[in-house]
Amino acid sequence: DALERQRRSELSLRNRLAGLPHDPVPTDLPPIVGESQVVLESPGDVARRMLALFAIAVRGESLAGPQPIDLTRINDRMPLAVESLTADEAELLQRDGLPLDAVDAMAWRYETVLALQWALVMQPELPWPDERCDLATVSRLMLDLPHVDVIEHARLRPVDQLLDEADFHLRALWSIAAAQMRGEPIENTLDPGIVSERWLALSWCCRLHDSQQATAGERFAMTEAWIDSGMQSSG
């Protein structure tokens, strides 16, 4: 199933990137693990992580504007989201005067939230990663649904669907890198920020970097560090 998944991902990318002067889809990138090898994060932990990342995104978006949302308001409105933050995330949420790149990185978490909403069957599909998510739709799900119910009734999509998207976004990430190295435009077809955030969400959800950290939040941080390092090691 892993090899067939790889074939489908490569075909989908090549069909969409056919207008580029060179084929950017890597041919030497191995398939990700098969269905029998995966141990998924628990649905409840995925829901908690989604809530925490939504709080970060809301805070980041507000810091980019003239009137940042007060932290007390975030805690009052989304206490379970705040409780689900890691210690480092909680510290980040409390900081003012962050550099623009840090604020931008926080706001990008909306794309991670969308991917986890999809993983939890809260979104019908993951659209092609060339246009940023609809913030109104993503936010409405987070603000209108009781967070206790979101956690208690969380369920994940079948493992084959999760792996399909994980495999596709991994190959999309390397396709972007290959095109950028040649100086070929690709942003209108594959948005690097969207692909990166989705790959983080999906690789963590499928525990493709299966660290032995004690909590789901710690595993998320380790997965992000693994990706930032170029995914040169595993476990």
Side-chain angles (χ1 to χ4, degrees), residues 5 9 12 32 35 38-62 69 74-86 89 93 105-170 172-173 191 193-208 215-217 219-221 223-224 227:
R5 182 171 294 110
S9 295
S12 179
I32 62 173
E35 295 172 25
V38 174
V39 178
L40 301 176
E41 293 286 348
S42 73
D45 281 340
V46 174
R48 291 183 184 90
R49 185 96 296 257
M50 175 184 64
L51 294 172
L53 294 172
F54 180 69
I56 292 172
V58 169
R59 175 67 169 165
E61 182 186 22
S62 76
I69 296 177
I74 293 178
N75 189 63
D76 289 345
R77 185 67 178 83
M78 300 184 290
L80 289 178
V82 174
E83 288 177 14
S84 300
L85 296 166
T86 65
E89 289 169 343
L93 217 67
M106 292 171 70
W108 268 108
R109 291 308 194 208
Y110 280 119
E111 298 296 340
T112 328
V113 171
L114 171 66
L116 294 180
Q117 286 180 346
W118 174 83
L120 290 168
V121 203
M122 297 172 68
Q123 295 278 359
E125 63 179 357
L126 273 181
W128 186 267
D130 61 350
E131 187 174 346
R132 292 198 183 190
C133 67
D134 182 347
L135 292 185
T137 301
V138 170
S139 299
R140 190 178 304 115
L141 286 171
M142 295 291 90
L143 296 173
D144 290 353
L145 296 175
H147 289 176
V148 171
D149 291 344
V150 170
I151 294 172
E152 289 185 355
H153 301 295
R155 66 184 180 94
L156 286 170
R157 288 181 179 274
V159 65
D160 62 321
Q161 295 181 24
L162 295 169
L163 288 175
D164 282 352
E165 289 292 354
D167 185 272
F168 170 82
H169 282 85
L170 173 61
L173 192 67
D191 186 298
I194 296 174
V195 172
S196 296
E197 294 296 323
R198 290 185 185 179
W199 166 239
L200 171 59
L202 294 162
S203 60
W204 167 76
C205 192
C206 295
R207 296 184 70 163
L208 299 184
T215 69
R219 287 193 295 273
F220 185 87
T223 300
E224 186 168 25
I227 291 172

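When all heavy atoms are compared, the tightest approach of Ala107 to Glu61 is CB-N, 4.2 Å. In plain terms, the two heavy atoms of Ile69 and Ile74 that are nearest each other are CG2-CG1, 3.6 Å. For Ala55 against Ala81, the heavy-atom pair with the smallest separation is CB-CB, 4.1 Å. Taking each heavy atom of Ile32 and Ala166 in turn, the nearest pair found is CD1-CB, 4.0 Å. The shortest heavy-atom contact between Met106 and Leu93 is CE-CD1, 4.3 Å. Taking each heavy atom of Cys206 and Leu40 in turn, the nearest pair found is CA-CD2, 3.8 Å.
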Show me the side-chain donor-acceptor pairs of residues 117-127 shorter than 3.5 Å, one per line, residues at least two apart or across chains.
residue: Gln117; atom: OE1; partner: Gln123; partner atom: NE2; Å: 2.8
residue: Gln117; atom: NE2; partner: Val138; partner atom: O; Å: 3.1

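Rounded to the nearest 0.5 angstrom, Trp204 CH2 and Ile227 CD1 are separated by 12.0 Å. Here Thr223 contributes atom OG1 and Glu41 contributes atom CD; the two are 7.5 Å apart, rounded to the nearest 0.5 Å. Taking CG of Leu114 as the start and CG of Leu135 as the end, the distance is 10.0 Å to the nearest 0.5 Å. The distance from the CE atom of Met142 to the NE2 atom of His147 is 6.0 Å, given to the nearest 0.5 Å. Considering CG of Leu163 and CG of Leu170, their distance stands at 11.5 Å, rounded to 0.5 Å. How far SG of Cys205 is from CZ of Arg157: 11.0 Å, rounded to the nearest 0.5 Å.
Checked by atom type and distance alone, the side chain of His153 never pairs as donor or acceptor with a backbone atom of Asp149 at under 3.5 Å. Although no hydrogens or angles enter the test, the distance criterion places a donor-acceptor pair under 3.5 Å between the side chain of Ser62 and the main chain of Arg59.
The existence of a salt bridge linking Glu89 and Arg48 is excluded, since no basic side-chain nitrogen approaches an acidic carboxylate oxygen closer than 4.0 Å. A salt bridge links Glu35 with Arg5; the closest basic N to acidic carboxylate O contact falls under 4.0 Å.
A side-chain contact (heavy atoms from CB on, under 4.5 Å) with Glu111 is found for one member of Leu116, Ile194, Val195 and no other, namely Ile194.
Looking at Ile56 and Thr112, their side chains never come closer than 4.5 Å, going by heavy atoms from C-beta outward. Between Thr86 and Phe220, the closest side-chain pair of non-hydrogen atoms is not below 4.5 Å. Proximity of Trp199 to Leu208: side-chain heavy atoms (C-beta onward) are separated by under 4.5 Å at one or more points.
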**Request:** Go through Arg109 and Leu200 one step at a time and tell me if the side-chain contact (heavy atoms from CB on, under 4.5 Å) criterion holds.
**Result:** CA-CA 10 Å; Arg109 291 308 194 208; Leu200 171 59; 3.3 Å; yes
**Prompt:** Where do Leu162 and Val38 land on the side-chain contact (heavy atoms from CB on, under 4.5 Å) test, with the steps shown first?
**Reply:** CA-CA 10 Å; Leu162 295 169; Val38 174; over 6 Å; no
**Request:** Kindly determine whether Val58 and Tyr110 satisfy side-chain contact (heavy atoms from CB on, under 4.5 Å), including the steps that lead there.
**Result:** CA-CA 8 Å; Val58 169; Tyr110 280 119; 3.6 Å; yes
**Request:** Go through Trp128 and Ser12 one step at a time and tell me if the side-chain contact (heavy atoms from CB on, under 4.5 Å) criterion holds.
**Result:** CA-CA 10 Å; Trp128 186 267; Ser12 179; 3.5 Å; yes
